**Q** 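Encoded as structure tokens, here's the structure I'll be asking about.
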Number of protein chains: 2
Amino acid sequence: MDYTQSEIERALRKAGYRLTPQRREVISAVMECRRHFTPAELYEKAARRRSGIGLVTVYRTLEMLARLGFICEVHAGGNCRHYLIRPTGEHHHHLICSGCGRVVNFTGCDLTGLERRLRRETSFTISGHLLEFVGQCVDCRRREEKG
Amino acid sequence: MDYTQSEIERALRKAGYRLTPQRREVISAVMECRRHFTPAELYEKAARRRSGIGLVTVYRTLEMLARLGFICEVHAGGNCRHYLIRPTGEHHHHLICSGCGRVVNFTGCDLTGLERRLRRETSFTISGHLLEFVGQCVDCRRREEKG
DNA sequence: TGCTAGTTGAAAATCATTTTCAATTATTCC
DNA sequence: GGAATAATTGAAAATGATTTTCAACTAGCA
């Protein structure tokens with residue numbers, strides 16, 4: 001289901017990137033994330049564990065991981081980039097809690113029928129789609145009801 | 001199908017906003033857009049027609065129009081906001097050409113089944129979804145094939 | 001071990017967006 | 001029509017995320 005640190009490191013090497021201590025640290029910090037994160041958040045986290053990692057390196061490493069397909073961007077709103085670990089391979093989407101940012105991955109979006117219809121009606125070549133559900137998880141709902 | 005300038009102006013007044021020449025100009029510039037646009041693009045267009053409109057005012061007016069539901073944001077990539085005219089009322093989504101930015105609105109996304117499944121499986125309260133298709137329109141495809 | 005191209009990170013640059021605030025003006029009330 | 005007043009405008013400055021620059025450093029190869 002999830003990639004391991006060494007799988008990612010291997011893929012990185014294979015793609016011609018060098019394996020530096022900073023990159024290892026960023027990867028390991030990413031792998032602990034259970035919700036979406038911003039470059040700045042990840043920087044804090046990684047820098048806390050190994051002082052001397054630069055924000056720029058975090059940016060660059062995240063960009064690299066996204067290029068390799070290990071993380072992807074989500075459109076969580078706000079004014080900065082949000083990334084998310086990608087489960088291995090398969091086509092999937094996200095259900096995002098607007099309260100805490102928790103993310104649930106799901107598959108089976110089944111938009112092929114709609115896609116076919118659009119292709120027929122518009123003559124577009126369709127290359128992909130962006131689908132995200134937004135809601136509130138149980139914890140956040142309870143918290144709101146109480147307070 | 002589309003709102004008229006005076007419909008928008010009326011709604012704006014009704015919501016307690018003042019009708020200024022600058023706002024009129026921005027609204028009219030928006031209404032000419034057949035694809036998505038950025039605040040900066042709209043500023044250029046509006047300022048060309050009536051010099052002296054400030055970029056800040058464009059930002060503020062677009063925010064207002066979005067709040068009133070006449071335009072909405074799209075996630076077209078890039079590093080700045082993209083807006084789009086919203087067809088009257090109904091729930092709809094966008095098919096966006098990655099080449100030229102042309103936008104086709106469509107309805108009938110039918111995600112209620114999927115939404116129900118997610119609600120059941122995750123116990124989230126689902127408040128909405130974001131769905132966009134990306135592709136290439138006929139013109140852009142031809143242009144690419146030729147050159 | 002030494003070479004070299006890839007990598008790092010501090011600082012500066014960039015760029016979209018937001019805030020500030022004094023001057024202006026649309027609307028209301030007489 | 002003419003104040004009064006609160007909303008609006010826009011230039012300039014502030015903010016904040018992201019990117020670029022470049023000299024120093026280093027991973028990985030020979």
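Quick note on labels: first sequence line is chain A, next is B, and so on, each numbered from 1. Computed over heavy atoms, backbone and side chain alike; hydrogens, waters and symmetry mates excluded. Owing to the predicted nature of the structure, the values given are computational and were not obtained by experimental measurement.
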**Q** From the options D:dT8, C:dT17, D:dG16, select the nucleotide whose nearest atom is closest to the side chain of B:Leu55.
**A** C:dT17
**Q** Using a strict 4.0 Å threshold on nitrogen-to-oxygen distance, state whether B:Glu121 and B:Arg117 make a salt bridge.
**A** yes
**Q** For the pair made of CG in B:Asn79 and P in C:dT17, what is the distance, rounded to whole Å?
**A** 8 Å
**Q** In this structure, is the centre-to-centre distance between the rings of B:His91 and B:His129 below 6.0 Å?
**A** yes
**Q** Which residue lies toward the 5' end of DNA chain D, B:Arg23 or B:Val56, if each is placed at its nearest nucleotide?
**A** B:Arg23
**Q** What's the closest nucleotide to the A:Arg18 side chain, out of D:dT8, D:dC29, D:dT26?
**A** D:dT26
**Q** From the list C:dA16, C:dG9, D:dT9, which nucleotide is the closest neighbour of the side chain of B:Gln22?
**A** D:dT9
**Q** Using a heavy-atom cut-off of 4.0 Å across all strands, would you classify B:Gly52 as base, sugar-phosphate, or nothing?
**A** sugar-phosphate
**Q** Looking at side-chain heavy atoms only, is the closest gap between A:Val104 and B:Phe124 below 4.5 Å?
**A** yes
**Q** Counting only N and O atoms by type, is there a donor-acceptor contact under 3.5 Å from the side chain of B:Ser127 to the main-chain atoms of A:Val134?
**A** yes
**Q** Separation of B:Arg24 atom CZ from C:dA26 atom P, in whole Å?
**A** 10 Å
**Q** Using whole Å, what does the distance between atom P of nucleotide C:dT7 and atom CD of A:Glu63 come to?
**A** 12 Å
**Q** Strictly distance-based, threshold 3.5 Å: is any side-chain N or O of B:Ser98 a donor or acceptor partner for the main-chain N or O of B:Gly135?
**A** yes
**Q** Where each residue is assigned the nucleotide of DNA chain C containing its nearest heavy atom, which of A:Ile53 and B:Cys80 is assigned the position nearer the 5′ end?
**A** A:Ile53
**Q** Can you measure B:Leu12 atom CG to D:dA7 atom P for me and round it to whole angstrom units?
**A** 14 Å
**Q** Would the B:Tyr59 and B:Tyr43 ring centres measure less than 6.0 Å apart?
**A** no
**Q** Choose from D:dT9, C:dT4, D:dT8 the nucleotide whose nearest atom is closest to any side-chain atom of B:Thr57.
**A** D:dT9
**Q** Would a distance-only check, ignoring hydrogens and angles, find a side-chain to backbone donor-acceptor pair under 3.5 Å from B:Glu32 to B:Ala29?
**A** no
**Q** Can you tell me the distance, in whole Å, between the OH atom of A:Tyr17 and the P atom of D:dC29?
**A** 17 Å
**Q** I want to confirm an ordering. Mapping B:Thr20 and B:Arg81 to their closest nucleotides on DNA chain C, which one lands closer to the 5' end?
**A** B:Arg81
**Q** Let me test you: for the helix from C:dT1-D:dA30 to C:dC30-D:dG1, what is the angle between the axes at its two ends (five pairs each), rounded to 10 degrees?
**A** 40°
**Q** Rounded to the Å, how far apart are A:Glu9 CD and C:dT7 C1'?
**A** 16 Å
**Q** How close or far is atom P of C:dG9 from atom CD of A:Glu25, stated in whole angstroms?
**A** 11 Å
**Q** A:Arg60 has a side chain; which of D:dT21, D:dG28, C:dT20 sits nearest to it?
**A** D:dT21
**Q** Between D:dA27 atom C1' and A:Arg13 atom CZ, what is the distance in whole Å?
**A** 8 Å
**Q** Should B:Glu63 and B:Arg67 count as an ion pair when the cut-off is N to O under 4.0 Å?
**A** yes
**Q** Closest approach to the side chain of B:Tyr59, judged atom by atom: which nucleotide of C:dT8, C:dT18, D:dT18 is it?
**A** C:dT18
